[in-house]
> 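The structure under discussion is supplied below as C-alpha cells; questions concerning it will follow.
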Amino acid sequence: MCTFVGSAAEPTETGKKGEAFNPGEVILHHVADSHEWHWFSTDNGNFVSYFPIIAYQPSKGLSVFSSEKIAEGKTHDNFKLEDERLTTLDGSKVYDFSITKNVAALAVSSLVLLIVFASVARSYKHRVGQAPTGLQGFLEPFVIFIRDEVAKKSIGPKYERYMPYLLTVFFFIWFNNLLGLTPGAANLTGNIAVTLMLATLTLLITLFSSNKNYWTHIFWTPGVPLPLRIIMIPVEVIGVITKPFSLMVRLFANITAGHIIILSFISLIFIFRSAATGLFSVPFGLFISVLELLVSILQAYIFTLLTAMYIGGAVEEHHDDTHAAGHEHDDYGFAEERRGGSNIAHLDRPDVAAH
Amino acid sequence: MQLITPEFGLLFWQTVIFLLLLLLLARFAWKPILGSLKEREDSIDAALKMAENAKLEMQSLKASNEKLLADARHERDQMLKEGQRIANQLVEQAKTTAVEEANRISQQAREAIQQEKNQALAEVKNTAAQLSMDIAERVLRRELADPAAQQQLVDEYLKDVKLN
C-alpha cells in the first residue's frame, strides 16, 4: 500500500494540479506486474529497486541489463517499456524472461516456504515422540487437515502419492496470498500467469493419473440413455478443461478483486481530495483487509480441495453400472462421503448432477 | 487487458521455481513431516491399544483375585467347620472317658467298701466270739447257781461291752 500512496501523491506534489487523478490506471498499475519494485516515494524522490531485464530476441540473442536503463520512458539498446511490457524499437519479436517484481516476490516467498517447512521438518526430527510446539504446532493442524479432510476424503486410498503437490499448492497459495496483503508487496497469486501454471499442473496431474473408468465416464457416460450419451461427450470433454480453468480464474479473480476493492476505497480519498473521506474509506478498507485474511486461506483451501477432487475423480475405481443410475459410488464409499461432506463440492461438480 | 494476459516471463519463472519448490519441499519437508505424523499416530494407536490391553488384563487379574479370595474364604469356612467337628468329637470323647473313669472309680470304691465291710464284720465276729469266750470264762469261774444271778451277771458284762 505504500507504493500506492507514494505514486498517487505524485501528481499533486509535482505541481501538476490540473491533472485529474485517474484511479483506474493507478489501481491496475498496482495489481499488475512491473519490472521494478517501487517501495515508496517521498519529496526527496522515489525509492525503487531495479531488477535485471533478461530478453531473448530470436534475431539478436540474449541481452541482460538493469531495468533502470529503460525506466520511465527511457530506451536502451533496442528496448523500451510500453505499459510495463518489454518491446523492441524496431518491432521485432522479443521474449521477456526478466526478473520482474512478481518473479522476485515468487523467489522470496519460495525461499520463505522452504525455510519455514525445513525448520518444521527439523523440529519433527529433533522432537520425536513429543508434542509439537511453536511453528510446528501452528502448521501441523493445517497439514493434518489437508491430509485427512482434503486428500483422504477426496482421493481415497491412493491419496499419499498426491500429498506433496496438495500441501505445496495449499501453502504456496496461502503464503503468497498473505504476503500479497503486506504493504508494498507483489500481487503474485492475483496474477493470471501464476494461477494458469498452477491450474495447468493440476490438469496434467489429473490427466496422468486418470484411469480407464475416468475416460469411460467422459466418452460413454454410464447410467445415461443412449442418445444422451452422444450429447454428453462434448459436455464432458469441455468439463475436463473448465475444471482447471475455473481454478485459474477463481484464484486470480478473488485475490485481484480484493486488492482492487481496498485500493478503490483508498482512491476515494484522492478522488475527493478530502481527508474526511478517510473516515469512510479507512474502516471499509480495514474491513476488506481483514476479510482478505480469511479469503487468503479460503482460496488456498478451495484450490487444494478442488484439485484433490479432480484427482479423486480421475483415480476413482470402477462403478457398478447395474446399480441405480442416480447413485454415484465407488468401491471405497468415498464418493458418497465426498458428496455429503462439502457443499462446495456440489457447486463445482456439475458432472455429479449429470449422472 | 494486461491484467488477464499471462506474461510469458512470469509463466516461465513460475513453472521453474514452483516445480523446484515442489521437489525440494517434497524431499525435505513433506516426506519427513508426513512420516513423523504417521509414526506418531501409529505410536499413539499402539499406546492406546496397550492401555486397553492393560485394562483388560487388570480386569482379569481382579477377577482372578476375587476368585482366589472367594476360594480362600471357602477354605477358611471349611477349616472352621472341620475344627468345630473335631472339637465336638473331642468333647464327646472326653465325656465318655470321664464317665467310664467315674464308673471305674465308683466300682473300685464299692469294692473297697465291700472289703472294708467284710473285714469289719469279721472283726465284729471275732470280737463277739472273744466276748462270748470271756463271759463264758467268767461265768464258769463264779459258778453261779442262781440262774437269775447268772442273767444279771451276763447283763452286767454285756453293759460293759461296747460294740465298736
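Below, chain A is the first sequence line, B the second, and so on; all start at residue 1.
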> List the steps and the verdict of side chain to side chain contact (heavy atoms under 4.5 Å, CB included) for Phe18(B) and Val169(A).
CA-CA 9 Å; Phe18(B) 185 82; Val169(A) 158; 3.8 Å; yes
> What distance do Asp33(A) atom CG and Glu7(B) atom CD have between them, rounded to the nearest 0.5 Å?
5.0 Å
> Before giving the answer on side chain to side chain contact (heavy atoms under 4.5 Å, CB included), spell out for Asn191(A) and Leu3(B) the whole-Å C-alpha distance, their side-chain angles and the decisive distance to 0.1 Å.
CA-CA 7 Å; Asn191(A) 191 296; Leu3(B) 200 59; over 6 Å; no
> Check each atom of Asn102(A) against the heavy atoms of chain B and say whether the ones under 4.5 Å are side chain, backbone, both or neither.
both
> Would you indicate whether Gln115(B), at its atom CD, is surrounded by more than 12 heavy atoms from other residues, nucleotides or ligands within a distance under 6.0 Å?
no
> Report the C-alpha separation of Leu201(A) and Leu19(B) in whole Å, then their side-chain angles, then the decisive distance to 0.1 Å, and conclude whether the side chain to side chain contact (heavy atoms under 4.5 Å, CB included) test is met.
CA-CA 10 Å; Leu201(A) 201 52; Leu19(B) 289 180; 4.0 Å; yes
> Taking all atoms of both residues into account, what is the closest heavy-atom pair of Glu39(B) and Val128(A), and its distance?
OE1-CG1, 4.4 Å
> Kindly check if the number of other-residue, nucleotide or ligand heavy atoms within 6.0 Å of CD (Glu75(B)) is above 12?
no
> Does CZ belonging to Phe145(A) count more than 12 external heavy atoms closer than 6.0 Å?
yes
> Quick check: closest heavy atoms across Leu196(A) and Pro6(B), and the distance to 0.1 Å?
CD2-CG, 3.8 Å
> Quick one: what part of Thr200(A) sits under 4.5 Å from any heavy atom of chain B, side chain, backbone, both or neither?
neither
> Rounded to the nearest 0.5 Å, what's the gap from NE2 on His126(A) to OG on Ser36(B)? Could you check?
11.5 Å
> Are there over 12 heavy-atom neighbours, none belonging to Tyr95(A), within less than 6.0 Å of that residue's OH?
no
> Answer with side chain, backbone, both or neither: which region of Ile54(A) has an atom nearer than 4.5 Å to a non-hydrogen atom of chain B?
side chain
> Measuring heavy-atom distances to chain B, does Leu113(A) have an atom under 4.5 Å in its side chain, in its backbone, in both, or in neither?
both
> Can you tell which part of Thr15(B) gets under 4.5 Å to a heavy atom of chain A, answering side chain, backbone, both or neither?
both
> What part of Val194(A) gets within 4.5 angstrom of chain B, counting heavy atoms only: side chain, backbone, both, or neither?
both
> To the nearest 0.5 Å, what is the distance between CG (Leu11(B)) and CE (Met197(A))?
8.0 Å
> When rounded to the nearest 0.5 angstrom, what is the spacing between CD1 in Ile4(B) and CD1 in Ile192(A)?
6.5 Å
> Considering non-hydrogen atoms only, spot the tightest contact between Gln130(A) and Arg40(B) and give its length.
O-NE, 4.2 Å
> Provide the closest heavy-atom pair for Leu25(B) versus Leu114(A) in the form atom of the first, atom of the second, distance.
CD2-CD2, 3.9 Å
> Please look at Ser98(A) and chain B and tell me whether the side chain, the backbone, both or neither of the residue comes under 4.5 angstrom of a heavy atom of that chain.
backbone
> Could you have a look at Asp96(A), Leu167(A), Val103(A) and say which one has the most heavy-atom pairs with chain B under 4.5 angstrom?
Leu167(A)
> Mind running side chain to side chain contact (heavy atoms under 4.5 Å, CB included) on Leu37(B) and Arg147(A) for me, showing each step along the way?
CA-CA 11 Å; Leu37(B) 281 176; Arg147(A) 188 192 61 182; 4.0 Å; yes
> Given ring pair (Phe, Tyr, Trp, His ring centres under 6.0 Å), test Trp30(B) with Tyr165(A) step by step and report yes or no.
CA-CA 10 Å; Trp30(B) 307 135; Tyr165(A) 177 65; over 10 Å; no
> Ser110(A) and Ile17(B): which non-hydrogen atoms are nearest, and at how many Å?
OG-CG2, 3.3 Å
> Heavy atoms only: give me the nearest Ile33(B)-Ala121(A) pair and the separation to one decimal.
CG1-CA, 3.9 Å
> Counting only non-hydrogen atoms closer than 4.5 Å, does Phe28(B) touch chain A with its backbone (N, CA, C, O), its side chain (CB onward), both, or neither?
backbone
> Is the distance from the ring center of Phe97(A) to that of Phe8(B) below 6.0 Å?
yes
> Among the options Leu106(A), Val249(A), Leu86(A), pick out the one with the most heavy-atom pairs lying under 4.5 Å from chain B.
Leu106(A)
> Look at atom CD of Glu57(B) and say whether more than 12 heavy atoms of other residues, nucleotides or ligands are closer to it than 6.0 Å.
no
